[in-house]
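In the text below, chain A, chain B and the rest are named by the order of the sequence lines, each starting its count at 1. Because the structure is predicted, anything quoted here is derived from the model rather than measured.
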Amino acid sequence: MLLTQAPKGTQDVLPAQSYRWQKIESSMREICRLAGFREVRTPVFEHTELFLRGVGDTTDVVQKEMYTFLDKGGRSITLKPEGTAGAARAFLEAHLDAGALPCKMYYISCPVFRYEKPQSGRLREHHQLGIEVFGAKDASCDAEGIRLAMDQLEACGIGDLSLNINSIGCPACRGAYHEKLKQFLRPRLDRLCPTCRDRFERNPLRILDCKEPSCQAELSGAPEMLNCLCGDCADHFEKLKRYLDAMGISYKVDARIVRGLDYYTKTVFEIITQTEGGQLTVCGGGRYDGLVEQLGGPALPGFGFGMGVERILMVQDMRGLSAQEKPLYDLFVCTMGDEARLEGARLVRQARQAGIAADMDHAARSLKAQFKYAGKLGVPLVAVIAGDELAQGVVRLRDMTRGEEQLAPREAVVEKLRMDK
RNA sequence: GUGGGUGUAGUUCAGCGGUUAGAGCGCCAGGUUGUGGCCCUGGAAAUCAUGGGUUCAAAUCCCAUCACUCACCCCA
């Protein structure tokens, strides 16, 4: 038994897997660059208050899932449970609202913490890719963001996804809708589950999202937010649909999507995929027109999404999409004897200077073991330097796939490798 | 938070009351005193998760704890 192990719900990204992360990250970078997004990095922890105000203190995330603690100065600190609030805080703190708007930013593999019971596709620390746009109210912005998310997922080899969209209105029309919904639910209140009864006053919209069959039964015939949107919100939603059409994105309107974070207004969306175990959400987001103001800034609209890196990897695994990593080395140098090892070290050094990934044995193993090692790593070319080669000033090169060998003059080896590459 | 399942070499698992706990894969070495993959031989590696209980006897039965895992809730 090891002294200790990784905390529950965390995962190591081991050397053999990191290339997969890097691939996902580099496609995100390129896609964002083409759309004028620049990277933002915000702290892993923030003042707890930011999330209470930003994410909302009626949400499950805030109520029961945050990693909150007092630091040595007695401040309440929280490990970020999502990416948007921190980005909005940074945006305001740096007065970016005084600069060119809209301000578009993205984050890459940002760690996110939620205290939950881990299971398939759910961790206590996971990583998100995402974007935030501040100061753009038009639906074209929403569609651009969704298009970007789809492009990224396609770049990761995941094309067969479904997009569900909804509009949950603005404070004006949502308040009216809440009243309508409560009016509808009031006579059925005692037939709802305890959680829903609790939500009735605090956050009635979330009752729609309850998975309890009995609650779902009571909800049939309930008024839909979509039918109660004010003129502005209805117009925005119609525009969004037209932009999505124009960008070649197919979607389904799902009036049941409400999202778990309070800052959303108007557009909300989820990108889901079908798995053996059911549906898996790989990306979620929407518009948050009230957030910036809520945090003490000007009344600026916003839009963003978060995408789970671990879930992308999961889907890739399920579809057998994990690409092979390139061999670690282009060249492996096998040596016998102390003099030959020195010569080998020089060769490795020169190869690396010429841009050729190379290494030699560092464990002082037998020639046979060195070959075995090179074979296991899939190195395409092995150089042998032992007594004979040393005496003749040559290097023996073995093509590991064909099994053919040839001698090359010592000085010409690196140049030859560079040409072959 | 609620409810299932599982903890035995690095790993996947077998053993399910009775001597000294096994196998495949992996690892190391030898067969080949200068050559990987295939083959053969040998070797290292396990306080049978932890603590308690039942028993003449526990990896095996019971209880607790911890860990892992799956589902629900929620979410990426």
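Residue contacts for A/R114: at a heavy-atom cut-off of 4.0 Å it reaches a base atom on one of the strands shown. Within the nucleic acid shown, A/I312 has no heavy atom closer than 4.0 Å to any nucleic acid atom.
Listed pair A/Q119 / B/rC70 fails the phosphate criterion, with no side-chain N or O lying under 4.0 Å from OP1 or OP2. The shortest distance between the side-chain N/O atoms of A/R124 and the OP1/OP2 oxygens of B/rC74 is not below 4.0 Å.
Within residues 29-40 of chain A, no residue is approached by RNA chain B to less than 4.0 Å at the level of any non-hydrogen atom.
Taking only distance into account, the side chain of A/R311 meets the base of B/rC75 through a donor-acceptor pair shorter than 3.5 Å. A donor and an acceptor atom never sit less than 3.5 Å apart when one is taken from the side chain of A/E270 and the other from the base of B/rA76.
A salt bridge is defined here as a Lys NZ or Arg NE, NH1 or NH2 lying under 4.0 Å from an Asp or Glu carboxylate O, and A/E154 with A/R147 meets this definition. A salt bridge links A/R287 with A/D142: the distance from a Lys NZ or Arg NE/NH1/NH2 to an Asp or Glu carboxylate oxygen falls below 4.0 Å.
Taking for each of A/E125 and A/R365 the nucleotide of RNA chain B with the nearest heavy atom, the 5'-most of the two is the partner of A/R365.
Taking the P atoms as reference points, B/rA44 lies 14 Å from B/rA21, given to the whole Å. For the C1' atoms, the distance from B/rG5 to B/rA9 is 24 Å, rounded to whole Å. A gap of 23 Å separates the C1' atoms of B/rG37 and B/rU33, to the nearest Å. Across B/rG22 and B/rC62, the matching C1' atoms stand 27 Å from one another, rounded to whole Å. Going from the P atom of B/rC16 to that of B/rG53 covers 26 Å, rounded to whole Å. Between B/rC70 and B/rG31, the two P atoms lie 47 Å apart (nearest whole Å). Annotation: B/rG4 and B/rC63 have their P atoms spaced 13 Å apart (nearest Å).
Residue pairs meeting the ring-ring contact (aromatic ring centres under 6.0 Å, His included) criterion with at least one member in residues 6-35 of chain A, sequence neighbours excluded, are A/W21-A/H127.
The partner of B/rU2 is B/rA71, judged by Watson-Crick or G-U wobble contacts that both fall below 3.5 Å.
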Go along nucleotides 34-43 of chain B 5' to 3' and tag each nucleotide: B for a protein heavy atom under 4.0 Å from its base, S when only backbone or sugar atoms are that close, - otherwise.
BBBB------

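In this structure, A/R188 forms a cation-pi arrangement with A/F184, its terminal cationic atom sitting closer than 6.0 Å to the ring centre and no more than 45° off the ring axis. Cation-pi geometry between A/R38 and A/Y106 is not met at under 6.0 angstrom from the ring centre and within 45 degrees of the axis. Within the cation-pi definition used here (under 6.0 Å to the ring centroid, within 45° of the axis), A/R365 qualifies as a partner of A/Y373.
Every side-chain hydrogen bond (donor to acceptor under 3.5 Å, both in side chains) that A/S109 has, sequence neighbours left out, goes to A/E25. The side-chain hydrogen bond (donor to acceptor under 3.5 Å, both in side chains) check on A/E270 picks up A/R259, with sequence neighbours excluded.
Taking the six-membered ring where tryptophan is involved, the planes of A/Y67 and A/F113 are perpendicular, since the angle between them exceeds 60° and thus also 30°.
Closest to the A/S120 side chain, of the nucleotides B/rA71, B/rC68, B/rA76, is B/rA71.
Taking atom CG of A/L280 as the reference point, atom P of B/rC74 lies 16 Å away to the nearest angstrom. One interatomic measurement links the two molecules: CD of A/Q63 to P of B/rG1, which rounds to 15 Å at whole-angstrom precision. Rounded to whole Å, the distance from CG on A/D60 to P on B/rC72 is 15 Å.
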Which pairs would a plain distance check flag for residues 340-347 of chain A, meaning a side-chain donor or acceptor within less than 3.5 Å of a matching protein atom at least two apart in sequence or in another chain?
{"from": "A/R341", "atom 1": "NH1", "to": "A/D361", "atom 2": "OD2", "distance (Å)": "3.3"}
{"from": "A/R341", "atom 1": "NH2", "to": "A/D361", "atom 2": "O", "distance (Å)": "3.3"}
{"from": "A/E343", "atom 1": "OE1", "to": "A/R346", "atom 2": "NH1", "distance (Å)": "2.5"}
{"from": "A/E343", "atom 1": "OE2", "to": "A/R410", "atom 2": "NE", "distance (Å)": "2.1"}
{"from": "A/E343", "atom 1": "OE2", "to": "A/R410", "atom 2": "NH2", "distance (Å)": "3.1"}

